[in-house]
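For reference, the structure is listed below as structure tokens.
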Amino acid sequence: MAKEYNFREIEKKWHRLWTERQTYKVTEDENRKKFYVLNMFPYPSGAGLHVGHPLGYIASDIFARYKRLQGLNVLNPMGYDAYGLPAEQYAIKTGQHPEKTTFANIDRYREQLDKIGFSFDWDREVRTCTPDYYKWTQWAFQKMYNSYFDEELQKAQPIEKLIEKFKAEGTWPSDEKEQSELLMEHRIAYLGETMVNWCPALGTVLANDEVVNGVSERGGYPVEQKKMRQWCLRVSAYSQRLLDGLETIDWSESIKETQKNWIGRSEGAEVEIKTSEGLSFTIFTTRADTMFGVTFFVLAPESELVDKVTTPEQRAAVDEYIKYVKGRTERERMIDHTVTGVFSGAYGINPITGDKCPIYVAEYVLAGYGTGAIMAVPAHDSRDYAFAKHFNLPIIPLVEGADVSQESYDAKEGIVMNSPASEDKSVKYDGESLCLNGLTIKEAIAETKRFVKAHKLGRVKVNYRLRDAIFSRQRYWGEPFPVYYKKGIPQMIPEECLPIELPQVDKFLPTETGEPPLGNATKWAWDEKNRKIVEKSLINEVNVFPIELYTMPGFAGSSAYYLRYMDPHNDKALVSEKAASYWQNVDLYVGGSEHATGHLIYSRFWNKFLFDLGVSKKDEPFQKLINQGMIQGWSSFVYRLRNTNKFVSFDLLEEQYDDAKKKSFYYYQGTEADPVYADISMVSGNVLNVEKIREWTAEFRDAEFILNANGQYIVSQAIEKMSKSKYNVVNPDDICENYGADTLRLYEMFLGPIEQSKPWDVAGIDGCFRFLKKFWSLYWDRDGNLQADDSEPTAENMKSLHKLIKKVTSDIEEFSYNTSISAFMVAVNEFSQQKCTSRTVLQTLPILIAPFAPHIAEELWEAISGGQTWQSSRQQSVCDAQWPQYEEKYLVETSVKLGVQFNGKVRFDMLFPADATPDQMVEMATSAPEAQKHLEGMQIVKTIAIPKRIVNIVVKPKTE
RNA sequence: GCCCAGAUGGUGGAAUUGGUAGACACGAGGGACUUAAAAUCCCUUGGCCAGUGAUGGCCGUACGGGUUCGAUUCCCGUUCCGGGCACCA
């Protein structure tokens, strides 16, 4: 009886031994090179871990194990992003404290993760919601509050330096309130009166990346613009560094591109415009070359200039327009691009041409970008063009050959003309007037910038689209701010008193007076004298003051967690100098690309700030980034006839396409049928288990199911993101139970390239399971005894082995795990055919497979090395073995079969010595008997021979 | 609209980056062992055509062109799917 591959026992055994032996515990070791592997830590949701989560974790675990086998000291930690909206909303619904549900979810995650056999050092686990962790989130916030960004040095500096500067300049106010306001304009964490994304349904403000298509990312509720006093982070100050840093890191082009878009650098010029009333304003343009084509100016409706510029005659019209704009939601403005606007009554004077052009107010100009005012060049900007057509304003073409009768010419290519149209159209400054005619657009831009600068008409300016991050939320389940208010002026709670712990509340909703949930806390006031938190009722504005009621957003805790993993139990510092110097930054970061404009920007910003402080040792936190694809789920739908409790099999429905809504609708005998999610566990293939769904929810209990001719109920299926609400979540637990963790790990990697998204499909998992069984059976004879012997491996054995080492090594380096698993499959078949029992080979294979399938690797490693005396105790685990090097000498081929081509078509195959030179190859090929019939009546034009690749002979008919 | 990435058998996907397209796996078909099933093993499997047969020929990497002795790979154009940004001046 051959020995069975009992994965359940093997995996249980090794989970136990790994824990007992602390196999994965990591400590700083100056004698070894470090390698830091990191996964984006999960938010522990109530749905548990699904098969998509481990995809990235497995990928990084393979790399971590591989690097470790190569002798590096690998840090591979895991933790939880534990603050979040779902737990809070669940608390509002059920009254259960978010901490309770969050910790329960964490336990469940841990249990699931443990089954898969990761090499995490759990001693370093962090949870963002525990005080010993968020102490350092609060600490970093205070550091940001007490810093400003020095434009010249391009780095953060202590705020005291700025105060000194103001004092030296004599601009330092004496009034405390004025001082506070002045510094607020410079602090990196500041309290700002800004337009925010307010989500009434969630009762909180949202950051820009949390708003998608004008609705909230979570829940899809409408979002409106509202002016509110909020904590903000001056992320925009770091725009240039965030952009420059991208060049130094090894991330995918697409994600760098996304970040570049989000930062949105544009180089241009700011030009001073005087108005007919003697006022002036500044416009920003990237197309300085088009100054001669300006026919009007436009102000953003929210701009403060509007009020100043508007003439009495136009006042009523402008007010009405602004009222209209205010009434529009963000979403409406995004979808509806119809041209609107109003004349302000005033005129602006083009400093280049001296022309008087009307100033309009229109919503297509945004207050938040540039100066909130533009010069309009309808001929060369499509938005200005639409506006000009609508209001019948002149259009002056400035590029040779550009036809602007139907649409604007926006391209930045061509030769400039009409600039000026005639000599008297260009105003002279210090005797010089601007002339761009005949230049290319690029030259014209540069020339205009020079002119504007030289004659002080404006200045060259770089603008960024990146906005400051709104850093406060009106929620309960988040980090409290270590801030109290003294006469309305924010004060930092002393650093030694941190952390300020999240107070207990009995209600998680806003208070009746509209305060955020923390307003419900009774013990939430700061006693300045005794330096402690006291009852709110004691507030006296003398020595006891109210504490901030806002909490920090989700990204606060996730922005520097990778630093905390380096030194997670340190209560003196976020991370010790020693640990930070050793681990530096993350070498390999694995996570989803959906964080491109959120976490991955905030984290880089946060790290750059800490780098300026000297806490972080590298300017960029994540050297290499791999974005694992999403594993999607198959959602299943049943169709309910509208206003009935009847469900109709999908194949009986008629489809109708609604062009307007770009959606299909389904009908059954004239009645429309609406799709309803059905849990995937009730579906096999596309057939619904009607009995099972009746037991699922009350909705289906007494429903009538109209079946097809085969007596089956067919569901329709769609590939969607895995989510609890879509009832399409597949847990990894079942796979572990039926096939084992090693098979799960192998299969998830075998599905395809890591970066690709793909629907989950268990078809094919048998292939990986079979492979492991074959791998297992290499080691055991028919009686279940280990069949390794000390026989000399054959040349064939060594060739197969070294081919495998070479392939697997290079594939892991390139994260091409699916192809390295294929290589294993090939190799195992070869060894099996070779009946290889050589210890040399059998001892190496477990090391090679260990990153992918650690449990079976350990078991076989133990079996094959069991008879030996250990050189050191660490060799008890395959994790501490040494990754083998391949040797070229075993891979050398003595002869190679190559196709001999005539004019690019393969005509015959023949054997060549592997070391044949191209000349020898041609000689052999042309003199071969098979070649003669192809050469008959032909002459050789050219020959190409590439050793080990191809022999190509180009011929053409002989001409006399 | 702009930017980025992609399209290969029935399916997931390989292809040393310009050198015999379809590795590996799934599925399907056939066979062996077995009372039977499971498990295991072997063979076939891109399409079309010719041949009893070994085999041979043609077509084939979304579509249309180009460069090249040779193109899945490079260039130009088109179509389709995915991702990001979107009145950003």
Side-chain angles (χ1 to χ4, degrees), chain A residues 2 4 213 252-266 268-269 283-288 290 298 300 333-334 336-340 362-366 368-377 380-384 386-387 410 463-467 593-594 596-597 627 629-630 746-747 750-753 755-759 761-768 770-771 773-774 777 806-807 810 816 818-827 829 832 897-909 940-946 948-956:
Chain A
E4 194 197 346
N213 291 327
S252 75
E253 279 311 311
S254 70
I255 207 145
K256 282 192 196 178
E257 199 62 35
T258 302
Q259 292 214 342
K260 280 181 198 165
N261 267 334
W262 191 257
I263 297 166
R265 182 184 204 269
S266 56
I283 57 99
F284 174 74
T285 179
T286 55
R287 290 294 301 274
T290 57
V298 189
R333 268 176 90 157
M334 269 170 128
D336 175 24
H337 281 186
T338 48
V339 176
T340 65
E363 61 177 333
Y364 85 88
V365 173
L366 305 175
Y369 186 74
T371 58
I374 63 150
M375 62 177 211
V377 186
H380 301 293
D381 183 288
S382 54
R383 295 152 303 179
D384 298 345
F387 195 84
D410 291 15
N463 264 331
Y464 301 91
R465 199 158 62 203
L466 185 67
R467 311 282 174 84
S593 57
E594 66 271 20
T597 55
N627 296 115
M630 210 168 13
L746 236 36
Y747 183 58
F750 190 65
L751 274 172
E755 310 217 59
Q756 218 158 73
S757 288
K758 53 232 147 187
D761 187 0
V762 281
I765 197 162
D766 285 316
C768 290
R770 259 173 233 159
F771 158 73
K773 282 193 284 193
K774 280 184 205 166
S777 59
K806 186 177 179 178
K807 178 79 178 145
S810 65
S816 177
N818 54 337
T819 53
S820 56
I821 294 169
S822 293
F824 273 114
M825 290 173 173
V826 172
N829 276 335
S832 159
K897 191 174 135 194
L898 292 178
V900 178
Q901 302 183 341
F902 287 86
N903 291 357
K905 297 271 181 194
V906 178
R907 298 301 170 178
F908 62 89
D909 293 336
I940 296 171
V941 178
K942 197 173 166 185
T943 57
I944 297 119
I946 302 165
K948 296 184 190 173
R949 296 267 170 91
I950 203 86
V951 179
N952 196 311
I953 297 159
V954 185
V955 293
K956 68 173 187 187

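Note on naming: letters A, B, ... go to the chains in the order of the sequence lines (proteins, then strands), and numbering restarts at 1 for each one. This structure is a prediction, so every number in the text was calculated from the model and none was measured.
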Which nucleotide, [options], lies nearest any side-chain atom of [X]?
X         : options                   : result
Thr258(A) : rA89(B), rG84(B), rC4(B)  : rG84(B)
Ser266(A) : rC26(B), rU20(B), rA89(B) : rA89(B)
Val826(A) : rU17(B), rG84(B), rC24(B) : rC24(B)
Leu366(A) : rC69(B), rA89(B), rC4(B)  : rA89(B)

Heavy atoms under 4.0 Å, any strand shown: does [X] hit a base, just sugar-phosphate, or nothing?
X         : answer
Asn952(A) : base
Lys774(A) : sugar-phosphate
Gly899(A) : nothing
Gln901(A) : base
Ile944(A) : base
Val365(A) : base

Between [M] and [N] - [atom1] atom distance, rounded Å:
N       : M       : atom1 : answer
rC76(B) : rA21(B) : C1'   : 24 Å
rC63(B) : rU72(B) : C1'   : 15 Å
rA37(B) : rG82(B) : C1'   : 45 Å
rG13(B) : rG66(B) : P     : 32 Å
rG9(B)  : rC59(B) : C1'   : 14 Å
rG30(B) : rG83(B) : C1'   : 45 Å
rA32(B) : rG51(B) : P     : 30 Å
rA5(B)  : rC81(B) : C1'   : 11 Å

What integer distance in Å separates [X]:[atom1] from [N]:[atom2]?
X         : N       : atom1 : atom2 : result
Asp410(A) : rC3(B)  : CG    : P     : 12 Å
Arg465(A) : rA86(B) : CZ    : P     : 6 Å
Lys260(A) : rG83(B) : NZ    : P     : 22 Å
Lys773(A) : rA25(B) : NZ    : P     : 15 Å
Met375(A) : rA89(B) : CE    : C1'   : 8 Å
Arg467(A) : rC85(B) : CZ    : P     : 14 Å
Trp262(A) : rG83(B) : CH2   : P     : 17 Å
Ile950(A) : rU68(B) : CD1   : C1'   : 14 Å

Quiz item: Under a 90° cut-off about 0 for the syn range, is rU40(B) syn or anti?
Solution: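 What rU40(B) shows is an anti base, its glycosidic angle lying more than 90° from 0.
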
Practice problem: Could you check if the base of rG56(B) is syn or anti? Syn means the glycosidic torsion is within 90 degrees of 0. | Solution: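 Chi for rG56(B) falls in the anti range.
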
With both distances under 3.5 angstrom, what nucleotide forms a Watson-Crick or G-U wobble pair with [N]?
N       : value
rA14(B) : none
rC69(B) : rG19(B)
rU61(B) : none
rG9(B)  : none
rC87(B) : none
rG27(B) : rU45(B)
rA32(B) : rU40(B)

Quick check on [N]: is either OP1 or OP2 less than 4.0 Å from any side-chain nitrogen or oxygen of [X]?
X         : N       : result
Tyr364(A) : rA89(B) : no
Arg770(A) : rC26(B) : yes
Asn261(A) : rA86(B) : no

Quiz prompt | Rounded distance (nearest 0.5 Å) linking atom CZ of Phe750(A) with atom CD1 of Ile821(A) | solution =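 The distance works out to 7.0 Å.
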
Quiz item: Does a donor on one side chain and an acceptor on the other come within less than 3.5 Å for Thr819(A) and Ser816(A)?
Solution: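 Yes, side-chain donor-acceptor contact under 3.5 Å.
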
Exercise. Walk me through it: do Ser382(A) and Asp410(A) pass the test side chain to side chain donor-acceptor pair (under 3.5 Å)?
Key: CA-CA 7 Å; Ser382(A) 54; Asp410(A) 291 15; 3.3 Å; yes

Does the [X] side chain pair with the main chain of [Y], one donor and one acceptor, at a distance under 3.5 Å?
X         : Y         : answer
Asp384(A) : Val377(A) : yes
Lys758(A) : Gln756(A) : yes
Ser757(A) : Gly629(A) : no

Quiz prompt | Earlier contact from the 5' end, RNA chain B, for Asn818(A) and Glu253(A) | solution =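 It is Glu253(A) whose nearest nucleotide is closer to the 5' end.
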
Quiz prompt | 5'-most by nearest nucleotide on RNA chain B - Ala763(A) or Ser254(A) | solution =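 Looking at RNA chain B, the more 5' nearest nucleotide goes with Ser254(A).
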
Practice problem: Please step through side chain to side chain contact (heavy atoms under 4.5 Å, CB included) for the pair Asp909(A) and Leu898(A), ending with a clear verdict. | Solution: CA-CA 5 Å; Asp909(A) 293 336; Leu898(A) 292 178; over 6 Å; no

Practice problem: Show your reasoning for whether side chain to side chain contact (heavy atoms under 4.5 Å, CB included) applies to Val941(A) and Val955(A). | Solution: CA-CA 5 Å; Val941(A) 178; Val955(A) 293; 5.7 Å; no

